[in-house]
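Below, each value reflects all heavy atoms present in this structure, side chains not excepted, and no hydrogens, waters or symmetry copies. Remember, it's a predicted structure, so these values are computed and weren't measured experimentally. To find a chain, count down the sequence lines: A is the first, B the second, and so on, and within it residues start at 1.
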There are 2 protein chains.
Amino acid sequence: MAQASSEPRAPLSRELVLRAAVAIADADGIEALTMRRLGEAVGAEAMSLYHHVANKGDLLDGIVDLVMAEIDELAERTAVPDDDWQQAMRRRILSAREVMLKHPWAPRLFETRTTMSLAMIRYHDQLVGLMRAGGFSYDLAHHALHALGSRALGFSQELFDPAAGAGPGSERMLRDMADQVPHLVGMVTEIAHDDPDSTIGWCDDQAEFEFALDLLLDGLDRRR
Amino acid sequence: MAQASSEPRAPLSRELVLRAAVAIADADGIEALTMRRLGEAVGAEAMSLYHHVANKGDLLDGIVDLVMAEIDELAERTAVPDDDWQQAMRRRILSAREVMLKHPWAPRLFETRTTMSLAMIRYHDQLVGLMRAGGFSYDLAHHALHALGSRALGFSQELFDPAAGAGPGSERMLRDMADQVPHLVGMVTEIAHDDPDSTIGWCDDQAEFEFALDLLLDGLDRRR
DNA sequence: ACCTGAACACCGTTCAAGT
DNA sequence: ACCTGAACACCGTTCAAGT
């Protein structure tokens, strides 16, 4: 039994399964995360996973909790005195965004989960806490959570992404239908002229995110 | 051949296939929309559909275009003089929202499509047009589109939905973990007290949507 | 040109059986 | 208690064959 210690692998656990799942999503995207592939990754059959997660939905919920834990961790490390509610909120939300950028599949996953995990509830509770400390009524804090939406967690769905379908073609494509979308063509042309480097991916996602976030936070401050 | 006119059904077409697909999604949700089910609905085999749509992705893109057309139609019917950019934008976006409410599956579908259809590009072009007429620079209009995100199309993903998992249980559940989420408990308690009818579904989605929309539009107006 | 039936390569999941 | 292999009921899609 010389190789007895190398052959049998560590026993499975929910923790181990979830971490392997995140690793697969990070490496190959969330659509690559199948029960069979996950089983392979932990050195077991797909069916063995069901002893540690109830089903695939439970697996995905577990992943969300793992990401939330990562956000909590980062937020605590970079905590800031909360005498300025706006600065504190801004900091916390941009921390969440940092984590989201490390897991590009996370936003879409968060959107599809229908039940809110305890970790997610606690996160929003903390945001309300920051706003209360800043003098918000419960009512306004409530409106604020709705207004922020997913932006509270550091992401926003970009339905309008002129850079998508990208390459240098997208700008030319727009120009080809100049008569149908005159205003967008004007917009792209002017911005491309101001910053010639930006033909590909001419939207600075981080800047756009912060612009929208500050727009909302400023507006809330005014209604406080 | 007396029954020859009743037996053979109308020949398939892309239009017919897409409309049937929307009907299925409206009736039973987007997850009920499978190629086999859709084939059945139009009285053909699933495989026949591939003569009218390239694949399932193309089918979904087609559905998005259909919904966009519906939005355009309603917007034109309810058009408003655009001397007030903010009022014009508000009107147009709330029209889009009306259509989204008729197709509850649409927001999730819109989010998952990666390529922007011509109809969607045109919609955003019109929004830019409204803003330009209101004195916006291209740069600010560009920021505005990003800041609005999916809200420009009349929906927002509600990650924070205290009413979810709902029933009268959700409030009790929150109270059970009062020590973990003190601020949310306080918020729910106060709002429930102010409006006792609101225990179930105590968030007025339409009001929240308009609050957030006005917050953004007011903020944009100030930076105009 | 349009439609069909059988088949393929995937899913998540159940179940009886192993240790 | 934990893990396995075969099987089931689904997917979207390919392909050769029909009219």
**Fill in**
Symbol by symbol from the 5' end, with Watson-Crick or G-U pairs under 3.5 Å, [ ] crossing and | another strand, DNA chain C is ||.|||||...|||||.||
**Message:** Strictly under 4.0 angstrom, non-hydrogen atoms only: write out the protein contact profile of nucleotides 12-19 of chain C, one letter per nucleotide from the 5' end, B, S or -.
**Reply:** BBB-----
**Asked** Can a side chain N or O of S48(B) be found less than 4.0 Å away from OP1 or OP2 on dT4(C)?
**Response** yes
**Item:** dC3(C) phosphate, OP1 or OP2, under 4.0 Å from H52(B) side-chain N/O
**Value:** yes
Between [X] ([atom1]) and [N] ([atom2]), how many Å, whole number?
| X | N | atom1 | atom2 | value |
| --- | --- | --- | --- | --- |
| L49(B) | dA1(C) | CG | P | 19 Å |
| I30(B) | dC11(D) | CD1 | P | 14 Å |
| I24(A) | dC11(C) | CD1 | C1' | 15 Å |

State whether [X] and [Y] are salt-bridged, where the test is any N-O pair (Lys NZ or Arg NE/NH1/NH2 against Asp/Glu carboxylate O) under 4.0 Å.
| X | Y | value |
| --- | --- | --- |
| D58(B) | R14(B) | yes |
| D214(B) | R90(B) | yes |
| E15(A) | R19(A) | yes |

[Y] backbone acceptor or donor facing [X] side chain under 3.5 Å:
| X | Y | answer |
| --- | --- | --- |
| S156(B) | R151(B) | no |
| H124(B) | M120(B) | yes |
| R113(A) | G57(A) | yes |
| R108(A) | Q157(A) | no |
| Y123(A) | L153(A) | no |

**E45(A) side-chain proximity, nearest of dC3(D), dT4(C), dG5(D)** = dG5(D)
